[in-house]
Structure formats: C-alpha cells, structure tokens
Peer 1: 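Below is the structure I would like to discuss, written out as structure tokens.
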There are 2 protein chains.
Amino acid sequence: MEPTTAMPDLIDQLRGCGITPTKQRITIADVLFQKKQHVSADQLLEIVRREDATVSRATVYNTLNLFLNKKLIKALIIDKSKVVYDTNTSIHHHIYNVETGELTDVSPEDLGLSELPQLPSGFEVEGTDVVIRVRRTHST
Amino acid sequence: MEPTTAMPDLIDQLRGCGITPTKQRITIADVLFQKKQHVSADQLLEIVRREDATVSRATVYNTLNLFLNKKLIKALIIDKSKVVYDTNTSIHHHIYNVETGELTDVSPEDLGLSELPQLPSGFEVEGTDVVIRVRRTHST
DNA sequence: TTGGGTGCAAACTATTTGCATTCGA
DNA sequence: TCGAATGCAAATAGTTTGCACCCAA
C-alpha cells in the first residue's frame, strides 16, 4: 500500500476536516472507513498493523480521539471496559448480542423512540444512546 | 452505628439473597439502599468510610459485584470509565446531565419505547439500556 | 472452631502522557 | 527547515486477585 499516493479521497477528506494526513492516520482511516464496522481500539491496532507494522498503540488512541473530536466517528460504550468506535455518525442505535459480541445498527424509526420525554425547559438533548442486549433463546 | 444489632430488615434482606451479612456488607448495603441513588464505586467507598473507616476498596468492589450477581443492583455505564450503580432494579432508563453529572430516572412509558424492533426469531431481549444525554441550553 | 470474608498490596487492563526522534509541507 | 506527529515507555485510573488474618455462625 502506498498511502500517500493512493486513495486521494481519504486524504482529501482528512484534510477537509483540518487533519494533517500522515501515513499512520491514513492507514487508520482506511481501516476504519473501509471495513465500515464497529471496532475496538485493540482490534483496530491489530488490523492496522497488518497494513503497516510500525503503527504504535499510542498513535491509534491519539488518532481515535482526534477523529472523535472532529466527529468523524462515534464512541460506543457497550459494557464495562468495552468501547467500540463507530464510523456511522448518523443518529442510530444498536443491538448487542451478548454471546457473540456482534453489533447491529438500528434506525431510530425501527425503535419507535420518536417521542422523547419532555425535558425540563432550558435543556436540550445532546444525544441518545440505546443499546438493546439480546441473546439466542436457548431451547435447552 | 451498630450494624449487627440495628437494621434487621437489611440483614434479613441480605440473608434472603443468600448473602452472609458481614459488618462491611451491611454498611455498604445501608449506604446503597438508604441514599437510594446512583453512586460510583469511589463515591460509595468514600461514603461508606464515613460510617466505617475500615472498609477497603477491594471489599467495596467485591460487594458491588456480589450484589450485581444477586441482582440487588444494576450497573449503569454512563461514559467511558464512568460506571454508577443503581439500586432501582426495575426496568427504567436515564437522563444524564453531561454538565453536572446528574442522573434522573425515566420510566419506559415516558420514553415511548414500548415497541422494540422485531428481532430475528430465536433471539430474546436481555435488557435495553437507554441514556439520554442533555445539557442546559446556553442562551449565550 | 473454621470456612468464608476482609484488608492490603501487587497485578492487570485500558488509556494517556512526556520526551526524544521523525516526518510532512 | 521546523513544528507537528510518532513511537516508546512510563504514568495513570479503574478494577481484580493472591494471600495471611479475622470474624460470623
């Protein structure tokens, strides 16, 4: 892979967000947005290193935080010490298979969560996190 | 406070759950269920130590996990590394004030989240976590 | 009495940070 | 070139664990 010469779209996108497109950041962005999925920092580090073995754990964390600040990704807290990063930044929710760890997106409409409770006036909703934990019904 | 002689209800409740009511566990349960609120492990340790200075951090964690297993409390993950424990074990959701850290309960009815998305058959819902993050609208 | 519970400190996991080196523009 | 970005390792925060001592039954 030749990150600096290849995938100019990705580079432009980063630049457009005011992010200096370094080799590691491009590789990380490539993995994140290519394999559009929910990844933990550790999984991300592992995958990224398959493409560029020189990327450090610190850089992965720094880059994730950078992308978070720039709203390129969302952090998703699934469980105590189980954080995954989501490249889908539109409003949506999640179904979490507690047995397999599999995560599925749910659109707000499918949730019937159109109506929020009336908040005390003077407050605004910053975001709503919904995680539906499911498991396979065991016919045991 | 004389935990072993006072509050026999609490002791009976613990015993009823198959929990040996030790001095520390009674104090912790007292704090948790008296000040019916959402507390972090650290806050809990601090409050508990005001009643009994000899309680160790490890015991607080061990007891919280014990109570969790016995379904006496629920863990509530609010933010990356921000876990609070909730003595309200009925189905309900939360409004989180991101500025003050204040947590408010919301009943499922108030959320209009009566309808869950149809899951693939063979799955059952284990639980649904909803956190609505709010902030005061700044009239700046 | 005695096995489970506790306190302490060390271990562990996930993440952040300080600093010297390297790289992009 | 030169400041920003990186890698490394050490630091930090939150939680768990091993082990000797202690206490509830």
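Values in this document were obtained by computation on a predicted structure and should not be read as measured data. In the text below, chain A, chain B and the rest are named by the order of the sequence lines, each starting its count at 1.
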Peer 1: Please determine whether a side-chain nitrogen or oxygen atom of A:Y61 lies at a distance below 4.0 Å from atom OP1 or OP2 of C:dT16.
Peer 2: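 No, A:Y61 has no side-chain N/O under 4.0 Å of OP1/OP2 on C:dT16.
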Peer 1: B:L64 pairs by side-chain contact (heavy atoms from CB on, under 4.5 Å) with which of B:V39, B:T59, B:L32, B:N69?
Peer 2: B:L32
Peer 1: Could you state the CG-C1' distance from B:D42 to D:dT12, rounded to the nearest angstrom?
Peer 2: 13 Å
Peer 1: Minimum heavy-atom separation for A:E124 to B:R136, with atom names?
Peer 2: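 Taking A:E124 first and B:R136 second, the nearest heavy atoms are OE2-O, 4.4 Å.
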Peer 1: Which whole-number value in Å describes the distance from B:D79 CG to D:dG14 P?
Peer 2: 13 Å
Peer 1: Is there a side-chain contact between A:L14 and A:F67, using heavy atoms and a 4.5 Å cut-off?
Peer 2: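 With C-beta onward as the side chain, the pair touches.
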Peer 1: Provide, to the nearest angstrom, the distance between the NZ atom belonging to A:K82 and the C1' atom belonging to C:dA14.
Peer 2: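 Nearest whole value for this atom pair: 13 Å.
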Peer 1: What is the separation between atom CD1 on B:I11 and atom P on C:dG5, rounded to the nearest whole Å?
Peer 2: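 Distance check: B:I11 CD1 to C:dG5 P gives 16 Å.
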Peer 1: In terms of side-chain heavy atoms, does A:H38 have a donor or acceptor partner in A:D105 at a distance below 3.5 Å?
Peer 2: yes
Peer 1: Please give me the minimum heavy-atom distance between A:V60 and A:I28, naming the atom from each residue.
Peer 2: CA-CD1, 4.0 Å
Peer 1: In whole Å, what is the span from the CD1 atom of B:I78 to the P atom of D:dG14?
Peer 2: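 In whole Å, D:dG14 P and B:I78 CD1 are 15 Å from each other.
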Peer 1: Using heavy atoms to find the nearest nucleotide of DNA chain D for B:A41 and B:R15 separately, return the residue whose nucleotide is more 5′.
Peer 2: B:A41
Peer 1: Against B:V48, only a single residue in B:V31, B:T54, B:D30, B:T63 fulfils side-chain contact (heavy atoms from CB on, under 4.5 Å); can you say which?
Peer 2: B:V31
Peer 1: Which nucleotide in the list C:dA25, C:dT16, D:dA24 gets nearest to the side chain of A:T20?
Peer 2: C:dA25
Peer 1: Can you check the B:D12 CG to D:dA25 P distance for me, whole Å?
Peer 2: 11 Å
Peer 1: What's the CD1-C1' distance between B:I19 and D:dA24, to the nearest Å?
Peer 2: 15 Å
Peer 1: Under the 3.5 angstrom rule, does the side chain of B:R25 hit a backbone N or O of B:T20 as a donor-acceptor pair?
Peer 2: yes
Peer 1: To the nearest 0.5 angstrom, please state how far the OG1 atom of A:T89 sits from the CG atom of A:L72.
Peer 2: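 Reported value, rounded in 0.5 Å steps: 8.0 Å.
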Peer 1: Take the protein atom CG of B:L66 and the nucleotide atom P of D:dT15, then report the distance between them rounded to whole Å.
Peer 2: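 Atom-to-atom, B:L66 to D:dT15, this comes out as 17 Å.
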Peer 1: Base contacts versus sugar-phosphate-only contacts with protein, heavy atoms under 4.0 Å: please encode nucleotides 6-12 of chain C as B, S and - from 5' to 3'.
Peer 2: SBB----
Peer 1: Would you indicate, yes or no, if C:dT16 has its OP1 or OP2 atom less than 4.0 angstrom from a side-chain nitrogen or oxygen of A:N65?
Peer 2: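 Result: yes.
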Peer 1: Report the distance from atom NZ of B:K82 to atom CG of B:L76, rounding to the nearest 0.5 Å.
Peer 2: 11.0 Å
Peer 1: Please report how far the helix from C:dT1-D:dA25 to C:dA25-D:dT1 bends, comparing the axis fitted to its first five pairs with the axis fitted to its last five, to the nearest 10 degrees.
Peer 2: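 About 30° separates the two local helix axes.
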